[in-house]
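Below is one structure, written out as structure tokens; comments come after it.
Here the structure is a predicted model, which is why all the values come from computation and not from measurement. The sequence lines fix the lettering, A, B, ..., with proteins before strands; numbering per chain opens at 1.
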2 protein chains.
Amino acid sequence: MERHTYLTLLTPEDARTRWFTRIAELNAGPGEEYVPLSRALHRTISRPVEALRSSPAFHGAAMDGIAVRAETTFMASTRAPLRLETGREAFWINTGHPLPEGTNAVIMVENVNTEDEGRTVVIEKAAFPWQHVRKLGEDMVATEIILAPGTRIGPYEIGAMAAAGVMSPPVFRLPEVAVIPSGSEIVPLAEAREEDLRAGRCLPEFNSLVFSALVDEAGGRARTLPVVPDEPAAIAAAIRSAVEDGADLVILNAGSSAGSHDYSADVIREMGELLVHGVAVMPGKPTALGVVRTSGREVPIIGTPGYPVSAIVAMEEFVMPLLALWQKHEAARRESVEVFPCNPLPSRPGMEERIRVKLGRVDGSLYAVPLPRGAGTVTSLSRADGVIRIPRDCEGISAGEAVRAELLRPREQIEGALLAIGSHDNTLELIDSFLRRTHPRFRLTSAHVGSLGGLLALRRRQCHLAGCHLLDEETGVYNQRAVREHLAGEPVLLVRLVEREQGLILMPGNPRGISSFEDLLRRDLRFINRQRGSGTRVLLDYHLARRGISPSRITGYRDEEYTHMSVAAAVLSGRADAGLGVRSAANALGLDFIPVGVEEYDLIIPRRYAEDERMNALFEVVRSDDFRAAVTSMGGYCTDRTGEVVWEYDGN
Amino acid sequence: MERHTYLTLLTPEDARTRWFTRIAELNAGPGEEYVPLSRALHRTISRPVEALRSSPAFHGAAMDGIAVRAETTFMASTRAPLRLETGREAFWINTGHPLPEGTNAVIMVENVNTEDEGRTVVIEKAAFPWQHVRKLGEDMVATEIILAPGTRIGPYEIGAMAAAGVMSPPVFRLPEVAVIPSGSEIVPLAEAREEDLRAGRCLPEFNSLVFSALVDEAGGRARTLPVVPDEPAAIAAAIRSAVEDGADLVILNAGSSAGSHDYSADVIREMGELLVHGVAVMPGKPTALGVVRTSGREVPIIGTPGYPVSAIVAMEEFVMPLLALWQKHEAARRESVEVFPCNPLPSRPGMEERIRVKLGRVDGSLYAVPLPRGAGTVTSLSRADGVIRIPRDCEGISAGEAVRAELLRPREQIEGALLAIGSHDNTLELIDSFLRRTHPRFRLTSAHVGSLGGLLALRRRQCHLAGCHLLDEETGVYNQRAVREHLAGEPVLLVRLVEREQGLILMPGNPRGISSFEDLLRRDLRFINRQRGSGTRVLLDYHLARRGISPSRITGYRDEEYTHMSVAAAVLSGRADAGLGVRSAANALGLDFIPVGVEEYDLIIPRRYAEDERMNALFEVVRSDDFRAAVTSMGGYCTDRTGEVVWEYDGN
């Protein structure tokens, strides 16, 4: 099997500098154009904009009243009121209207009396010159520079240009970005058939959609070409066609990993210069940067990795800054804050690592729960609140060690989040959805580490609440004993979220004929387990112990998953024949379900947070009829006591 | 003259609450729709989005290598290498491809040897189950909620939905906003003729352009109706037509001041309910809020003031939050920071005031220079870096008193700005333009208070540099004496910006036959002066004193303007017959110019800032050939010594 070697790995900064330096020599880039004001929003000014007219364009009244020549009023006083003839010495005028010739002041209507059926006005106070007058050019004078190049045009800038008579400002042309998806097994998203996807006969292409959106946000115009097979000649032809069609930048997606079928780097080298191949960042390493020469033009090109998370890193490190550079503005910098990881974050020395995290502010500190790092884990993008960069010379961050994170969401969204760490239940996402609908300032962020992990996080004061369903095997009572054991000194409320049916999740139609825990001993069956510390695992062990079944005799007992849904997915895929989980997970994937018991799933909430406005909003949600109805419709849940405080623990 | 009275003035918050409460009862608003992913960017999710498929859709290889059943490899070791038959027990596989039936682990290609012309592979280490495998549903499982309502769709969310097979997410429909400009003297911007504008025969209508941009940014779709004259029947007809065409919200612009021709409030009252008329905020007071009933619908309506700055406040206080509410997200909140005003900010008790300011960070503190407050001063919108809100119960803020300001620009732009306070020269805007082009991180923010004001600001350490052209009337040397007098103890550099011709600015063709300072004594002439403390004022006084002319004998000597351009505009408009100013200002407006002398305009830069990276960028700009060429082309400037350090002052 052929393998490519990377050029020496550069840091992202060095790689960017090398590429940008070469691009600067090319004099590539989009140039300028003039656009009408009505289409100028969010474009970037390319050269100084001068006012074409002065504003105001005349001396106008700033008040309703009479316009006068101030000098004629100097003798007016209370003792000697002055009479002026209207239409000759005094002129009624409305705010905004031009002063009549020869006048230079306005007297407010409140200070004017009339006589002689309005033919005469009487004033008792002198006016000073230019009183209550908006003078010509007060706001801007023709030829003044009103906007500098690099200014992003917002509503205010549109107003300023309109007032200045600038109908078509000079702006940078939107860079044309050609996106070429490549890969023989890749099919456009809309054409991907479900059965082919499941069989792995094709991979849906959607990076181009994400790239287009990123380019759009960075002020470019993306065009996606048809998917190209993994053949150097086909890739080269697509690049030529993109350049001929006027692309300012070519993005070649996938095919740039160091595995097989990697032709991006080769094609770039053959069509011009390969400047960078491989960057010291994880994910994102297999990125190629260069310049291609074709059809009489020299155009920058980037080969981005195929995995979505790696591809995003390549886009954010290289493409977004280039588009910003071309428009002479800075790429939006993310706010950086100090956070404390809830778990250790190991890292490979020699590579800068990007770890996406969920964040929540607890007792003044921002705690970070890492999301799965897989380069294909798209949800780590959409679920993340922030990114931690671990420098290349660092072997990782310990739990609780302060580290910087870049925020991916507005700070107020993060400040408005309740952080739940603990057992997973599908109703947690439902709480979040309801919360956002009814209280847009708040949200529920949840990280799934099992019931016990949640109690430990509560003890370390790293979260606001924990979902928990830990059975006391001796008394048959849920959660209380575990709370006493792990949260001594921390008064908490146990608020019932749901009671839920736990049971054996089986393939549709139960083809293996499983009916009891005893069947799990069969050698022809494979079980899928939940991780240690999870309530479901405790429940399983409880039932096995009651039946005198030794766990070591169950095939797959050591095979662990972290959520109900993953257990169900394992059964659906045939990886396992049975697992223990909640009915809603089985229902969701159309699997069979044999109930084993009803368990109590509670939210454990420190009393100190019980009065928090976010927590009150959560209580309001879980106690609403709408929420209960939505839970019930998921199947397998009982909501009779939902929202009830089922136990209070005083910490002793 | 008829005058309307406002209803009791509500605070903006109370007014908003009253309007929103009524709107909530109406059940008005835009509803939902489904849009294809390719057009979903920046729309807002309206209901929970569930994954339609699991991702990955199959167990796939996470590495290139061979797929095996882990259990068959358990005996492999270095001492006892295991041989497997390819195509039966071991299968070559590339990253991302599905595992063949019956396999559950991948061994990396690096750890595999081949024998027997590839028919056999040899491994020396056991594989554990699911090693290097991306398992089905690892990222997401069908039916999981992946996005909550209220989520704004960005590139990452598009990726998550694509992976989940959600091709058309549910989003809030874009609210349809009808904008009705009104006013008998108003003409559409594109139709406004220059001579009519100058004569005050018409006012250009451009608030609708600004409104459209604001609505667009807030996630709405604006449609501007033709301008309506100031007649109740015409206004009512336009509202009916907007509602019939499906408007979710009607914005009636202008005509809502308390002056004459104010029919907005009346029309709203007659067509439905007038809930609010007059809000305790300056600018923005003459705002009307209500609901109109027509064509079988009840639709919220706002009457916004005609002046652009007031109109913006009404939009930001009422329209933007309503559009956010309808899309169930928060209106973007601006970052708030502590600033120190350079000047006192008086305020009228009983009204909340909004004062727009320019900002610069000097020695760790953010200093705020207020911009002109006029409701028609459009440039106060585009030039502002921040807004200070002075509460209604406050009579103002003293200079140097800490106060909060909301940022209108990204913080890094403000941090990257050099703050110049002092004399105005057109080349300052040119420096800013060049600076942004060559160093996008930096900019030059300038506030114009005259040469002396700049020295005082430098002494108070409220700015980074000051433009100065103060003539020592005794020695004829510029700036040095003033620096010694005002900056004792502060070592500074004097960097020559330009030498510029000062002279008398006269009407085109010099119709009044002015040729010398002595002519200014003529009773038929009116002079326009610069403010006290400005270098130009000192120059004038120098010349008058040398000639023995008493200033009190010059008509208009007390009539002050703050910039060269304003002086030129006063002459152009006929408000004055002559003024003293730089040639470039006269050139800009096509006026005559009689040179009086060449003055030296220097940048005064504290030595502590001379090594600042922003200052170095400024030096680079002013010393560049391009910059000098641009200055020279403005006329009236000499750039021979531009960028030169002409004098160093050690503080003693």
(request) Sort B:Leu203 into side chain, backbone, both or neither according to what part of it lies under 4.5 angstrom from a heavy atom of chain A. (result) side chain
(request) With side chain to side chain contact (heavy atoms under 4.5 Å, CB included) as the test, would you mind laying out the steps for A:Tyr307 and B:Arg134 before giving the verdict? (result) CA-CA 12 Å; A:Tyr307 277 119; B:Arg134 284 195 70 215; 4.0 Å; yes
(request) Heavy atoms only, distances under 4.5 angstrom: which of A:Arg558, A:Glu157, A:Arg441, A:Met140 has the most pairs with chain B? Name it, please. (result) A:Arg441
(message) Under 4.5 Å from any heavy atom of chain B, what part of A:Val141 do you find: side chain, backbone, both or neither?
(response) side chain
(request) Please flag which part of A:Ala190 lies under 4.5 Å from any non-hydrogen atom of chain B: side chain, backbone, both or neither. (result) both
(request) To the nearest 0.5 angstrom, please state how far the CE atom of A:Met167 sits from the CZ atom of B:Phe206. (result) 11.0 Å
(message) So for B:Leu41, is it side chain, backbone, both, or neither that comes closer than 4.5 Å to the heavy atoms of chain A?
(response) side chain
(message) So for B:Pro410, is it side chain, backbone, both, or neither that comes closer than 4.5 Å to the heavy atoms of chain A?
(response) neither
(request) Taking atom CZ of B:Arg201 as the centre, report whether more than 12 heavy atoms of other residues, nucleotides or ligands fall under 6.0 Å from it. (result) yes
(message) Please identify, among A:Ser38, A:Ser55, A:Ala384, A:Gly376, the residue contributing the most non-hydrogen atom pairs under 4.5 Å to chain B.
(response) A:Gly376
(request) Against chain A, work out which of B:Glu50, B:Arg47, B:His59 has the most heavy-atom pairs shorter than 4.5 Å and name it. (result) B:His59
(request) Among B:Gly150, B:Gly159, B:Ala324, single out the residue with the greatest number of heavy-atom pairs under 4.5 Å to chain A. (result) B:Gly159
(message) So which residue, A:Asp432, A:Asn426, A:Leu589, ends up with the most heavy-atom pairs under 4.5 Å with chain B?
(response) A:Leu589
(request) Could you look at A:Leu197 and say if it's the side chain, the backbone, both or neither that has a heavy atom under 4.5 Å from chain B? (result) both
(message) Can you tell me which of B:Ala148, B:Ala62, B:Ser433, B:Ala569 forms the most heavy-atom pairs within a distance under 4.5 Å of chain A?
(response) B:Ser433
(message) With a 4.5 angstrom heavy-atom cut-off, is it the side chain or the backbone of B:Thr151 that approaches chain A, or both, or neither?
(response) both
(message) To the nearest 0.5 Å, what is the distance between CD on B:Glu217 and NE2 on A:His42?
(response) 3.5 Å
(request) With a 4.5 angstrom heavy-atom cut-off, could you sort out which part of B:Arg409 is near chain A: side chain, backbone, both or neither? (result) side chain
(request) With a 4.5 Å cut-off on heavy-atom pairs, point out which of A:Glu144, A:Lys135, A:Gln413 contacts chain B the most. (result) A:Lys135
(request) Can you measure from OG (A:Ser380) to OH (B:Tyr156) and round to the nearest 0.5 angstrom? (result) 9.0 Å
(message) Which atoms of B:Glu561 are under 4.5 Å from chain A, going by heavy atoms: the side chain, the backbone, both sets, or neither?
(response) side chain
(message) Is B:Thr379 in contact with chain A via its backbone, its side chain, both, or neither, using a 4.5 Å heavy-atom distance?
(response) both
(request) Inspect the contact between B:Arg526 and A:Glu71 and indicate whether a charged nitrogen and a carboxylate oxygen are less than 4.0 angstrom apart. (result) yes
(request) Measure distances from B:Glu194 to the heavy atoms of chain A and classify the residue's part below 4.5 Å as side chain, backbone, both or neither. (result) side chain
(request) Please say whether more than 12 non-hydrogen atoms of neighbouring residues, nucleotides or ligands are located less than 6.0 Å from CD in A:Glu195. (result) yes
(message) Need one label for B:His439: side chain, backbone, both or neither, based on atoms under 4.5 Å from any heavy atom in chain A.
(response) neither
(message) Could you measure the distance from the CZ atom of B:Arg198 to the CZ atom of A:Arg53? Nearest 0.5 Å is fine.
(response) 9.0 Å
(request) Check each atom of B:Ile145 against the heavy atoms of chain A and say whether the ones under 4.5 Å are side chain, backbone, both or neither. (result) both
(message) Please report the interatomic distance CZ(B:Phe211) to CD1(A:Ile158), rounded to the nearest 0.5 Å.
(response) 13.0 Å
(message) Can you tell me which portion of B:Phe434 sits under 4.5 Å from chain A's heavy atoms? Options are side chain, backbone, both or neither.
(response) neither
(message) Which atoms of B:Leu408 are under 4.5 Å from chain A, going by heavy atoms: the side chain, the backbone, both sets, or neither?
(response) side chain
(request) Pick one of side chain, backbone, both or neither for B:Asn207, based on which atoms fall under 4.5 Å of a heavy atom in chain A. (result) neither
(message) If we define contacts as heavy-atom pairs under 4.5 Å, which of B:Asp139, B:Asp559, B:Leu99 has the most with chain A?
(response) B:Asp139
(request) Please state whether the side chain, the backbone, both or neither of B:Pro308 comes within less than 4.5 Å of a heavy atom of chain A. (result) neither
(message) Nearest 0.5 Å, please: how far is CG in A:Leu37 from CG in B:Leu189?
(response) 7.0 Å
(message) I want to check something: taking the side chain as every heavy atom from C-beta on, are A:His97 and B:Glu185 in contact at a cut-off of under 4.5 Å?
(response) yes
(message) At a heavy-atom distance under 4.5 Å, which candidate from B:Pro155, B:Ser382, B:Pro440 has the highest pair count against chain A?
(response) B:Pro155
(message) Taking every non-hydrogen pair under 4.5 Å, which of B:Gly137, B:Ala160, B:Pro149, B:Pro98 racks up the most with chain A?
(response) B:Pro149
